[in-house]
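For the numbers below, each heavy atom of this structure counts, side chains included, while hydrogens, waters and symmetry mates do not. We name chains A, B, ... by the order of the sequence lines, and we start the count at 1 in each one. Remember, it's a predicted structure, so these values are computed and weren't measured experimentally.
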Number of protein chains: 2
Amino acid sequence: MVKTKIKNMEEFAQASGISRPTISKFFNDPSSVRESLKTKIEAALEKYDYYPNFYAINQNRQLTKNIGIVVPYVSDPFFAEIARNLERRCIDAGYTPFLFSSHGEQAQENAILDTLRSLKPAGVLMAPLGRRSSDKIKIEKFCKNVPTILFDSNIEGLGAAFIGSDNHSFISQTVEYLNSTGSAPSFFEMRYPANPNANKRREAYLKIMNDLKLKPQVISIEGTGWEFEEIGRQGALKLLRKNEMNSNTILCSNDRLAIGFLSACSEMGVKVGKTKSCDLRVSGCDDNPYSRFTSPPLTTAAHDYHTVSDNAALALFELINNGGKSKKRPETLYSAKLILRDSA
Amino acid sequence: MVKTKIKNMEEFAQASGISRPTISKFFNDPSSVRESLKTKIEAALEKYDYYPNFYAINQNRQLTKNIGIVVPYVSDPFFAEIARNLERRCIDAGYTPFLFSSHGEQAQENAILDTLRSLKPAGVLMAPLGRRSSDKIKIEKFCKNVPTILFDSNIEGLGAAFIGSDNHSFISQTVEYLNSTGSAPSFFEMRYPANPNANKRREAYLKIMNDLKLKPQVISIEGTGWEFEEIGRQGALKLLRKNEMNSNTILCSNDRLAIGFLSACSEMGVKVGKTKSCDLRVSGCDDNPYSRFTSPPLTTAAHDYHTVSDNAALALFELINNGGKSKKRPETLYSAKLILRDSA
DNA sequence: ATATTAAATTTACACGCGTAAAATACTTAA
DNA sequence: TTAAGTATTTTACGCGTGTAAATTTAATAT
């Protein structure tokens with residue numbers, strides 16, 4: 001059956017024998033029209049080929065049904081998974097998510113903010129790159145105009161709320177576990193990390209080690225960009241060759257570095273695990289989707305992806321329902337769940 | 001410095017002392033106005049706080065500068081990486097990419113098509129789920145209205161072009177290599193694969209084995225959804241326990257299954273590699289970003305991510321420049337590059 | 001300096017829908 | 001049946017920009 005092509009809502013209204021304002025109301029909220037008309041409109045939609053014009057709709061709506069999602073790097077499995085979860089929540093709540101990746105670049109993040117501002121979204125869920133302070137001004141200004149919830153990486157005072165993970169708990173649980181089952185870990189990180197959580201994790205490591213009256217060792221490796229596995233691998237190769245570790249236990253700042261570390265160990269014939277015959281214990285942070293498939297499977301501190309996604313989305317929906325205004329700026333931090341696998 | 005807030009282009013035109021149509025022309029293409037005015041406008045943009053309204057702009061443009069990118073599942077590292085590359089190309093070419101993930105669901109893919117139709121993009125780059133034939137009708141209709149290039153997974157006759165990989169070359173190169181360096185492989189796949197390329201790969205495997213006058217063995221494992229690693233791991237565990245393989249060499253339909261397979265081997269104490277002391281050789285398909293970090297690193301047939309992305313994007317740009325019309329429907333298939341690592 | 005050409009301005013309309021106000025039709029309950 | 005209340009229709013305007021046509025201004029060539 002070839003459906004009759006319909007140009008606009010006016011034509012569709014005439015074809016279906018219903019007034020245009022009612023059709024408009026229907027598209028805004030199908031339950032806002034009488035049941036009899038609803039079925040009539042739905043029947044007409046089956047019959048005719050009409051798609052409302054996205055631009056015309058949103059130009060005049062005081063509040064669009066679009067939600068912006070911004071992640072620093074879409075190819076990072078952690079952010080891909082978070083983005084996937086957030087999109088689901090938005091869709092299920094009747095919003096249309098628009099996913100943007102900053103590609104690890106400040107300029108791109110700024111461009112996205114401009115695009116988003118222009119998109120007049122009902123709200124935005126944003127994981128900022130959060131490196132330079134000059135960006136803070138841009139984001140600050142953006143948050144004043146658009147209801148925004150920050151997640152993953154906090155920027156003091158910006159947005160209506162922050163949902164993230166308690167980096168301290170990630171590190172403390174892991175260090176305590178490692179220390180009680182063997183030697184305390186050295187901390188393996190990028191010297192210039194792409195993600196600001198890395199700094200909090202280092203600080204947490206130093207604090208815990210100090211609390212436990214243990215001597216910390218921070219191993220900072222070179223490398224920039226978002227290819228963390230390769231950076232971790234190169235760093236680990238160097239480290240293993242020089243043999244400069246104070247400990248036979250390594251805590252990596254994140255799982256992607258750990259995956260690279262494990263790869264280097266495998267290459268160098270270093271046996272990783274917690275049994276006696278092993279040379280090294282390696283653990284990570286994040287519970288990256290790939291961490292359970294490494295060899296040996298990676299012991300790590302897990303984000304609760306679902307809880308973080310759910311609550312970030314819910315916080316945004318609430319913010320939207322309150323007209324984008326909020327008194328407080330709650331910061332919700334979720335604790336890690338230690339996932340014991342075979343690597344440590 | 002607090003910039004003066006500007007409501008619309010009219011106000012901005014007055015504030016900067018330039019006529020509105022010229023401002024409009026500038027935003028459309030900055031190089032289309034005289035240098036002196038260009039600098040004047042740019043100076044005004046610095047001074048005043050004006051952002052063109054996305055909806056008003058696109059409502060009247062005959063051709064928007066938006067490009068839709070649709071992938072089946074954004075958390076799949078292959079698609080995440082392809083999406084990242086495609087976004088880059090679009091941005092560099094002056095377009096605004098809008099990335100959508102079908103979340104592995106046909107209903108979602110259909111919803112995206114509706115959203116996209118409504119977004120009136122200049123063009124769309126789409127990797128379809130491509131399972132059911134009923135969807136074909138929806139996509140077919142969409143392609144008639146929107147300039148669309150298909151990639152990764154072909155649907156006969158749809159879209160203005162198809163850019164993908166030559167599944168046959170992926171399999172043939174690998175089988176020939178494996179056969180010449182050891183025993184010919186058994187083929188490890190999902191019984192009901194989420195991605196249609198899997199079927200082509202099985203067919204290619206059967207053909208090559210036949211050509212080489214070898215006895216094929218297809219091992220089809222259960223499991224649905226997009227958690228391929230876990231499906232591969234479970235399937236491999238069963239397989240290894242039953243010990244039903246005809247060969248000590250395994251060719252996995254894709255790297256994600258292979259990663260799961262390697263994980264199972266590690267768990268079962270099966271030593272994977274090509275040296276004499278190893279029990280099994282395992283190889284994959286795709287060169288997933290994680291494949292070089294497995295233990296042992298995975299031998300696989302690689303997509304050329306950059307070439308595929310570049311050419312899909314270029315094909316779309318050309319299509320757009322030709323007014324969305326094309327005579328032929330070229331199908332470009334790129335051959336695999338065999339990546340020899342330690343797993344096989 | 002004048003003619004020619006290119007660019008900018010003025011004016012005006014269009015795009016497709018949201019939305020408000022007033023008038024009308026329908027539904028529901030007494 | 002009637003009145004009250006609710007939903008729908010009619011009418012009309014506004015949103016912020018693209019874009020076309022005619023006119024004016026500026027740049028370039030002669």
- line: Assert: residue with more 5' nearest nucleotide on DNA chain C, out of A:K7 and A:P21, is A:K7
message: Tell me every residue that passes salt bridge (charged side-chain N to carboxylate O under 4.0 Å, His left out) with B:E10, counting only those two or more places apart in sequence or in another chain.
response: B:R20
message: Within the 4.0 Å heavy-atom criterion, would you say A:N28 contacts the bases, only the backbone, or no part of the nucleic acid?
response: sugar-phosphate
A:F142 vs A:V124 side-chain heavy atoms within contact, under 4.5 Å: yes
- request: Using a heavy-atom cut-off of under 4.0 Å over every strand shown, decide if A:P52 touches base, sugar-phosphate, or nothing.
  value: sugar-phosphate
- request: Please report, rounded to the nearest Å, how far the C1' atom of C:dC26 is from the NZ atom of A:K40.
  value: 13 Å
- prompt: Given atom NZ of B:K5 and atom P of D:dG16, what is their separation to the nearest angstrom?
  reply: 13 Å
task: Give a yes/no on whether any side-chain N or O of A:S19 is located under 4.0 angstrom from OP1 or OP2 of D:dT10.
output: no
- request: In whole angstrom, give the distance that lies between atom CZ of A:R61 and atom C1' of C:dC17.
  value: 10 Å
task: Please state how far atom CG in A:L63 lies from atom C1' in C:dT19, giving the value in whole angstrom units.
output: 15 Å
Check: C:dC17 base within 3.5 Å donor-acceptor of A:N53 side chain: no
- prompt: In whole angstrom, what separates B:N8's CG from D:dG18's C1'?
  reply: 14 Å
field: Donor-acceptor pair under 3.5 Å, A:R20 side chain vs C:dG16 base
entry: no
N/O (side chain, B:T22) to phosphate O (OP1/OP2, C:dT9) under 4.0 Å: yes
Mutual orientation of the aromatic rings belonging to B:Y50 and B:F27 [parallel < 30°, tilted 30-60°, perpendicular > 60°]: perpendicular
query: Nearest-Å distance, NZ (A:K120) to P (D:dC15)?
result: 13 Å
field: Nearest-neighbour nucleotide for the A:L37 side chain, C:dC17, D:dT19, D:dT8 considered
entry: D:dT8
message: Does D:dT17 have its OP1 or OP2 closer than 4.0 Å to a side-chain nitrogen or oxygen of B:Y50?
response: yes
field: Residue B:R34, side-chain atoms from C-beta onward, closest of C:dG16, D:dT17, C:dA7
entry: C:dA7
- prompt: To the side chain of B:K25, which of C:dT9, C:dT10, C:dA8 is closest?
  reply: C:dA8
field: Separation of atom CG in B:N60 from atom P in C:dC13, rounded to whole Å
entry: 15 Å
task: Decide side chain to side chain donor-acceptor pair (under 3.5 Å) for B:T307 and B:D304; before the verdict, give the C-alpha distance in whole Å, the side-chain angles of both, and the deciding distance to 0.1 Å.
output: CA-CA 5 Å; B:T307 302; B:D304 187 339; 2.5 Å; yes
task: Go through the structure and list residues passing ring-ring contact (aromatic ring centres under 6.0 Å, His included) with A:F317, not counting sequence neighbours.
output: A:Y95
message: What is the separation between atom CD1 on A:I23 and atom P on C:dT19, rounded to the nearest whole Å?
response: 16 Å
message: OP1 or OP2 of D:dC15 versus the side-chain N and O atoms of B:Q59: is any pair under 4.0 Å?
response: no
